[in-house]
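Reviewing the structure listed below.
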Amino acid sequence: IDQWLKLLAKEFLKPGETTPLIQDVLHLTYLENRGAAFGMMQNKKWLLVWATAAVLLILILAVMAGKIKGTFPLFSVCTIIGGGIGVPPMLGCVREAVKQGAKPAAILGFRNKSAVILEGDFRDECETFVTTDDGSYARHGFVTDVLKEQIASASGVAACGPKPMLKAIAAIAKQAGVPCQVSMEERMGCGIGACLVCACALKAKDGETRYGHVCKDGPVFNAEEVEW
């Protein structure tokens with residue numbers, strides 16, 4: 001609605017002109033903001049452009065230097081798990097693990113047959129198990145059902161998917177004494193830790209709860225570090 005009203009004002013009104021939408025109740029006025037949000041920094045958009053460019057440059061340099069936190073470590077025999085939209089990111093993990101000489105196994109979970117994606121790509125790289133919630137394809141059940149059978153031979157677990165799935169995976173890995181890393185799925189606003197949208201509860205060293213940012217401190221965390 002916001003964008004529609006802006007287009008409407010720009011198309012039919014002149015700057016400063018007002019027209020009633022609902023008489024004596026709602027009027028539409030065309031005003032131009034020459035600055036940032038709320039009219040700040042009037043006529044200084046060049047400063048915003050330079051600031052944006054600087055942030056992008058810093059992020060690129062940090063990635064090139066390998067200083068971005070929260071990436072999956074490699075295990076010699078790893079079980080890599082993806083659920084739903086958490087499946088695509090794990091394909092890169094499998095390929096990198098194979099490239100580094102590891103022997104991964106993949107467990108992919110989907111809601112039903114029509115949701116299954118990238119199965120062939122995973123099978124090209126490693127042993128792959130597929131589950132569907134409703135049993136319409138492959139194994140009927142959840143990724144945790146397969147993990148329980150495979151955990152004894154795994155030197156580590158890496159997972160990405162819905163939080164309830166990650167919580168269950170973390171519990172299985174903890175019980176088996178196997179290291180587990182999880183990639184948290186959270187909405188991200190700014191991507192640099194300023195807006196607090198992607199804050200997640202973590203365990204501090206003193207046992208208290210602290211809050212980290214998925215975008216800045218993650219997205220990958222040790223499973224035992226997360227306050228489930």
Side-chain angles (χ1 to χ4, degrees), residues 37 48 51-75 78-97 100 102 104 106-111 115 117-118 121-122 133 142-144 147 151 154-175 178-228:
L48 296 176
T52 301
V55 170
L56 288 174
L57 180 60
I58 292 171
L59 289 174
I60 292 172
L61 292 175
V63 170
M64 293 176 65
K67 294 182 179 179
I68 296 298
K69 298 180 180 179
T71 56
F72 285 114
L74 291 175
F75 303 100
C78 50
T79 298
I80 295 178
I81 307 172
I85 61 174
V87 169
M90 305 313 287
L91 180 57
C93 294
V94 166
R95 288 174 173 168
E96 184 62 24
Q100 296 296 326
I107 307 175
L108 313 178
F110 303 95
R111 183 171 297 176
I117 57 173
L118 300 176
D121 297 271
F122 277 91
D133 296 354
F142 304 107
V143 294
T144 48
L147 178 61
I151 192 69
S155 60
V157 175
C160 181
K163 193 170 184 178
M165 184 195 86
L166 297 180
K167 180 180 179 180
I169 290 171
I172 295 171
K174 183 178 180 179
Q175 185 177 16
V178 175
C180 178
Q181 280 76 36
V182 294
S183 179
M184 304 295 289
E185 292 183 355
E186 297 288 348
R187 293 177 181 270
M188 298 184 191
C190 67
I192 58 174
C195 70
L196 308 182
V197 171
C198 65
C200 63
L202 303 171
K203 297 175 184 176
K205 292 182 179 180
D206 59 3
E208 297 294 322
T209 297
R210 69 180 182 89
Y211 287 88
H213 301 92
V214 173
C215 69
K216 185 177 68 173
D217 304 314
V220 178
F221 298 91
N222 287 323
E224 294 191 11
E225 183 185 4
V226 180
E227 285 279 11
W228 298 107

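Any value given below was found using the heavy atoms of this structure, including those in side chains, with hydrogens, waters and symmetry copies removed. Just so it is clear, the structure is predicted and the values come from calculations on it, not from any experiment.
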* To do: Evaluate the criterion side-chain contact (heavy atoms from CB on, under 4.5 Å) for residue pair Arg187 and Cys198; output intermediate values, then yes/no.
  => CA-CA 6 Å; Arg187 293 177 181 270; Cys198 65; over 6 Å; no
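- Atom CG of Leu147 sits about 6.5 Å away from atom OG1 of Thr79, to the nearest 0.5 Å.
- Nearest heavy atoms, Val94 versus Ala106: CG2-CB, 4.5 Å.
- The two atoms that bring Cys200 and Val214 nearest to each other are SG-CG2, 4.0 Å, heavy atoms only.
- The shortest side-chain heavy-atom distance between Ile80 and Ile107 does not fall under the 4.5 Å cut-off.
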* To do: Mind running side-chain contact (heavy atoms from CB on, under 4.5 Å) on Lys163 and Met184 for me, showing each step along the way?
  => CA-CA 7 Å; Lys163 193 170 184 178; Met184 304 295 289; 4.1 Å; yes
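- Annotation: the span from Phe122 atom CZ to Arg95 atom CZ amounts to 8.5 Å, rounded to 0.5 Å.
- Few gaps surround CD on Glu186; more than 12 heavy atoms of other groups in view lie less than 6.0 Å from it.
- Minimum heavy-atom separation, Cys160 to Met165: O-CE, 3.5 Å.
- Between Ala97 and Pro104 the shortest heavy-atom distance is CB-CG, 4.1 Å.
- Rounding to the nearest 0.5 Å gives a distance of 8.0 Å between CD1 of Ile81 and CE of Met90.
- Residues Ser183 and Leu166 come closest through the heavy atom pair O-CD1, 3.5 Å.
- The CZ atom of Arg111 lies 7.0 Å from the CG atom of Asp133; values are rounded to the nearest 0.5 Å.
- We find the CZ-CD1 distance between Phe110 and Ile85 to be 12.0 Å, quoted to the nearest 0.5 Å.
- Residues forming a salt bridge (charged side-chain N to carboxylate O under 4.0 Å, His left out) with Arg210 (at least two apart in sequence, or on another chain): Glu225.
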* Worked verdict on Val143 versus Leu108 for side-chain contact (heavy atoms from CB on, under 4.5 Å) -> CA-CA 7 Å; Val143 294; Leu108 313 178; 5.9 Å; no
* To do: Apply side-chain contact (heavy atoms from CB on, under 4.5 Å) to the pair Gln181 and Val157, showing each step before the final yes or no.
  => CA-CA 6 Å; Gln181 280 76 36; Val157 175; over 6 Å; no
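- Contact record, Thr209 with Ala201: CG2-CB, 4.0 Å, taken as the closest heavy-atom pair.
- A 4.5 Å side-chain heavy-atom check between Ser155 and Val178 finds every atom pair outside the cut-off.
- Put simply, the side chain of Asn222 never gets that close to the backbone of Glu224: no donor and acceptor are under 3.5 Å apart.
- Separating the SG atom in Cys180 from the CD1 atom in Ile169 is a distance of 6.5 Å, to the nearest 0.5 Å.
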